[in-house]
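Below: one structure, written as structure tokens.
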Amino acid sequence: MNVVDTILNALVSLDGKILLLIQEYLRIPALTPWVVRFTKIGNMGIVWIAIAIILLIPKKTRRAGVLAIVSLICSLCLVNFFLKGYVDRVRPAEVVSGLSCLVTVSDPSFPSGHAAAGFAAATAIYKSTRKWIGIPCVTLAALLSLSRLYVGAHYPTDVICGAVIGILIGLVVFWIFGEKKYKRRARRARHRRR
């Protein structure tokens, strides 16, 4: 067995142990039904689509709404249509002995679609609108991602990688479509230096 295989096996083992620790010490019977309901608002990006639609209404936040929708579409294509099928990681409840999953899941585990969609939309919103709108969106994305660990639907590495992919998608979408005023400023600064 080579070094890469050893590292991957240790990471998979650690992933399972973290989920069992969450199940053992952090699942609270009174809180569990609320977390299960909460995690479901991330299904199919429903909460992010709703936020994007709300942002489309006022002219000041319209760009943020459009960028959030574009980010969600990119996340859907990359994560759900490509990476999940390519990696085809089995859900943790099927592999980790003693772990119970509190929600019904049918697609592969890696990466977390909830984390990717949430952070893609939240990053685009954060970068393209006022911080008092962006910070709650980033917080919501983080809480939804953590809820996936609480219910046992994903490994920690699924959520971390999904979040990183989502952030990168949001940044790229903002850089391509949303950064007009910043690009104009940079052009003006370059012309002044000459």
Side-chain angles (χ1 to χ4, degrees), residues 34-87 89 103 105 107-151 153-190:
W34 295 100
V35 176
V36 169
R37 284 188 202 105
F38 178 71
T39 201
K40 288 180 182 179
I41 68 168
N43 290 356
M44 297 182 291
I46 291 170
V47 70
W48 300 109
I49 293 167
I51 290 169
I53 290 169
I54 291 167
L55 291 172
L56 288 171
I57 297 168
K59 191 172 184 175
K60 286 184 177 183
T61 60
R62 198 164 290 152
R63 178 176 288 167
V66 170
L67 294 178
I69 289 170
V70 172
S71 296
L72 285 170
I73 291 168
C74 292
S75 173
L76 175 72
C77 292
L78 179 63
V79 172
N80 293 70
F81 296 154
F82 176 68
L83 288 175
K84 279 186 179 274
Y86 182 75
V87 176
R89 188 177 194 186
V103 293
V105 285
D107 60 337
S109 185
F110 183 89
S112 168
H114 281 67
F119 277 100
T123 301
I125 292 167
Y126 179 83
K127 293 290 288 176
S128 59
T129 192
R130 298 184 187 271
K131 302 304 176 232
W132 65 270
I133 297 172
I135 291 172
C137 288
V138 171
T139 303
L140 178 62
L143 291 174
L144 279 170
S145 297
L146 291 173
S147 75
R148 303 306 285 171
L149 299 176
Y150 184 95
V151 299
H154 283 288
Y155 294 100
T157 50
D158 297 344
V159 171
I160 292 166
C161 291
V164 169
I165 290 167
I167 290 167
L168 292 174
I169 288 170
L171 290 173
V172 168
V173 166
F174 177 74
W175 181 74
I176 293 171
F177 300 110
E179 209 175 28
K180 290 179 184 175
K181 68 180 179 184
Y182 303 108
K183 289 178 183 177
R184 269 189 253 126
R185 277 190 215 150
R187 265 189 249 119
R188 277 190 235 132
R190 271 184 289 191

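Everything quoted here is computed from the prediction, not taken from an experiment. In what follows, residues are counted from 1 in the order of the sequence shown. Worth knowing before you read on, the calculation uses all heavy atoms, side chains too, and leaves out hydrogens, waters and symmetry mates.
- Taken to the nearest 0.5 Å, the CG atom of L168 stands 12.5 Å off from the SG atom of C74.
- The side-chain heavy atoms of Y126 and I167, taken from C-beta on, include no pair separated by under 4.5 Å.
- Qualifying side chain to side chain contact (heavy atoms under 4.5 Å, CB included) partners for I53, counting only residues two or more places apart in sequence or in other chains: I49.
- Closest approach of V159 to A115, counting heavy atoms only: O-CB, 3.6 Å.
- With hydrogens and angles ignored, the 3.5 Å screen pairs no side-chain donor or acceptor of S75 with any backbone N or O of S71.
- The shortest side-chain heavy-atom distance between P156 and L149 falls under the 4.5 Å cut-off.
- Residues K84 and D158 have side chains not in contact (no heavy-atom distance under 4.5 Å, counting atoms from C-beta outward).
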Requested in this report: Please report the C-alpha distance between V172 and F177 in whole Å, then the side-chain angles of each, then the deciding distance to 0.1 Å, and finally whether the side chain to side chain contact (heavy atoms under 4.5 Å, CB included) criterion is met.
Outcome: CA-CA 8 Å; V172 168; F177 300 110; over 6 Å; no
List the atom pairs, donor and acceptor, that lie under 3.5 Å between side-chain atoms in residues 116-123 and the rest of the protein, sequence neighbours left out.
from	atom 1	to	atom 2	distance (Å)
T123	OG1	F119	O	2.6

Side-chain donor-acceptor pairs of residues 36-46 under 3.5 Å, sequence neighbours excluded:
from	atom 1	to	atom 2	distance (Å)
T39	OG1	S147	OG	2.8
T39	OG1	R148	NH1	3.1
N43	OD1	H114	NE2	2.9

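- Atom CG of residue L55 and atom CG of residue L67 lie 10.0 Å apart, to the nearest 0.5 angstrom.
- Applying the side-chain hydrogen bond (donor to acceptor under 3.5 Å, both in side chains) test to every pair with at least one member in residues 130-139, sequence neighbours left out, gives no pairs at all.
- Residues forming a side chain to side chain contact (heavy atoms under 4.5 Å, CB included) with L83 (at least two apart in sequence, or on another chain): L78, P111, I165.
- T61 meets the side chain to side chain donor-acceptor pair (under 3.5 Å) test with no other residue; sequence neighbours excluded.
- A donor-acceptor pair under 3.5 Å links the side-chain atoms of R62 to the main chain of I57, judged by distance alone.
- Considering CG of L171 and CD1 of I176, their distance stands at 11.0 Å, rounded to 0.5 Å.
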Report task. Kindly indicate, with the supporting measurements, whether the criterion side chain to side chain contact (heavy atoms under 4.5 Å, CB included) is fulfilled by S112 and Y155. Result -> CA-CA 9 Å; S112 168; Y155 294 100; over 6 Å; no
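- Side-chain N or O atoms of K127 include none that pairs as donor or acceptor with a backbone N or O of F174 at under 3.5 Å.
- Rounded to the nearest 0.5 Å, atoms CD1 (I73) and CG (L76) are 8.0 Å apart.
- Panel note: side chain T129, backbone I125; no donor-acceptor pair is recorded below 3.5 Å.
- At a threshold of 4.5 Å between non-hydrogen side-chain atoms, the residues F110 and H154 do not count as touching.
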